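Single-structure report; data block below.
Since we're looking at a predicted model, the values are computed, not measured.
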Amino acid sequence: MTHPPGRLDLRELVLLYITCIFITCLLLGNLIASKVAATTLGGYTFIISMGQLSFPLTFVITDLLNEYYGKLVARRVTLIGFVMTALAFGIISLATWIDWAPMAHAPDWKGVTPAAYDQVFASTPRFQIASMAAYLIAQFLDIGVFHALRRWTQEKHLWLRATGSTVVSQLVDTCVVIGIAFGATLPASQLTSMIVASYIVKVIVAVAMTPLLYALHSVIERRYHLAPYRHKEQDPVL
């Protein structure tokens, strides 16, 4: 079925929607990740980054891309996310490098102070490298594990391939990002504690997001009448 020139068909429209959501959650997760909070479960206190508010949605979006568009499109969107993150970091770095107006240094200045701005945005390159390296490695691993489980289960048990791929990929993600960011400054015992706490939270969140994944599947299939990906020819040309 053809559609008028200049208009997107439903499959392209859904891809545009979920890609925009993916990029937004990815960039927001990096921007708010510096805030940490503490929560206690079962007598154990978990220190978590506020990036966990938006990053879990990227897991769900990746699963939707895998399910409805295949691994080639999922990988392409992953690379787009990587480039957009690098672009955002580049613009932020340029904004940080440009000198402040003299009035911002005055004692009676009521706006954001240079020190406060730098505290939030002028993070060290090591943390940026850690975040981007972990993202790229974990995303490609997630895509590979998802499709391996999809073949193994003969396209049944969506919850298994979605949760299973996240459990594997986020273990690698957690080890890489914490290892690069803090490996040179913290002892092994503290690194291990941070990795375990962060990973447990990610697994809990991944399991909790399963109903949302099923709900989005239902919306895509009932509202937009899209079938899950099965053949290579269904991949949009990107």
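- Clustering ILVMFWY residues whenever any of their side-chain heavy atoms sit less than 4.5 angstrom apart, transitively, puts Val207 in a cluster other than the one holding Leu212.
- Between His217 and Tyr68, the ring-plane angle classifies as tilted under the 30° and 60° cut-offs.
- With a 4.5 Å cut-off on side-chain heavy atoms, Trp109 and Met103 count as touching.
- Tyr117 has its ring centre less than 6.0 Å from the ring centre of Trp100.
- A 4.5 Å side-chain heavy-atom check between Arg150 and Glu67 finds at least one atom pair inside the cut-off.
- Under the 6.0 Å distance and 45° angle rule, Arg11 counts as a cation-pi partner of Tyr69.
- Considering OG of Ser165 and CD of Gln139, their distance stands at 9.5 Å, rounded to 0.5 Å.
- Residues Glu221 and Pro228 come closest through the heavy atom pair OE2-CG, 3.8 Å.
- Counting only heavy atoms from C-beta outward, the side chains of Phe59 and Leu213 never approach each other to under 4.5 Å.
- Expressed to the nearest 0.5 Å, how far OG of Ser54 lies from CD1 of Ile21 amounts to 12.5 Å.
- By the criterion of side-chain heavy atoms lying less than 4.5 angstrom apart, applied directly or through intervening Ile, Leu, Val, Met, Phe, Trp or Tyr residues, Val203 is not grouped with Val176; the two fall into different hydrophobic clusters.
- With a 4.5 Å cut-off on side-chain heavy atoms, Leu16 and Cys20 count as touching.
- Two residues are said to be in side-chain contact when any heavy atoms from C-beta on lie closer than 4.5 Å; Asp118 and Thr96 meet this criterion.
- A donor-acceptor contact shorter than 3.5 Å links the side chain of Tyr199 to the backbone of Val167.
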- Message: Apply salt bridge (Lys or Arg N to Asp or Glu O under 4.0 Å) to residues Glu155 and Arg161 and explain how you reach the verdict.
- Response: CA-CA 9 Å; Glu155 301 186 357; Arg161 57 182 177 271; over 6 Å; no

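- Hydrophobic clustering (side-chain heavy atoms under 4.5 Å, transitive across Ile, Leu, Val, Met, Phe, Trp, Tyr) groups Leu10 together with Ile220.
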CA sep, side-chain torsions, deciding dist, call: Asp63, Leu158, side chain to side chain contact (heavy atoms under 4.5 Å, CB included)
CA-CA 9 Å; Asp63 292 334; Leu158 170 63; 5.8 Å; no

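- Nearest approach of Arg222 to His225, heavy atoms of both residues: O-CE1, 3.1 Å.
- Cluster annotation: Leu149 and Leu171 are assigned to distinct hydrophobic clusters (Ile/Leu/Val/Met/Phe/Trp/Tyr, side-chain heavy-atom contacts under 4.5 Å, transitive).
- In this structure, the side chains of Tyr17 and Glu12 stay at 4.5 Å or more apart for every pair of heavy atoms.
- Rounding to the nearest 0.5 Å gives a distance of 6.5 Å between CZ of Phe140 and CZ of Arg75.
- For the pair Ala104 and Pro114, the tightest heavy-atom approach, listed with the atom from each and the gap, is O-CD, 3.5 Å.
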Contacts under 3.5 angstrom, residues 84-94 side chains, donor-acceptor by atom type, not counting sequence neighbours:
unit_1, atom_1, unit_2, atom_2, d
Thr85, OG1, Gly81, O, 2.8
Ser93, OG, Phe89, O, 2.8

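- Environment of CH2 in Trp159: sparse, with no more than 12 heavy atoms of neighbouring residues, nucleotides or ligands closer than 6.0 Å.
- A heavy-atom distance below 4.5 Å is found between the side chains of Leu28 and Thr24.
- Rounding to the nearest 0.5 Å gives a distance of 10.5 Å between CG of Leu72 and CG of Asn66.
- In this structure, Tyr135 and Val77 approach most closely via the heavy-atom pair OH-O, 4.2 Å.
- Closest approach of Ala206 to Thr166, counting heavy atoms only: CB-CG2, 3.6 Å.
- Asp142 and Thr62 share no donor-acceptor pair across their side chains, judged by distance under 3.5 Å alone.
- With rounding to the nearest 0.5 angstrom, the CZ atom of Phe22 is 5.0 Å from the OG1 atom of Thr78.
- For the atom pair CG of Leu216 and CD1 of Ile61, the computed distance is 6.5 Å after rounding to the nearest 0.5 Å.
- In plain terms, the two heavy atoms of Ala138 and Gln170 that are nearest each other are CB-NE2, 4.4 Å.
- Transitive grouping of hydrophobic side chains (ILVMFWY, heavy atoms separated by less than 4.5 Å) keeps Phe55 and Ile143 in distinct clusters.
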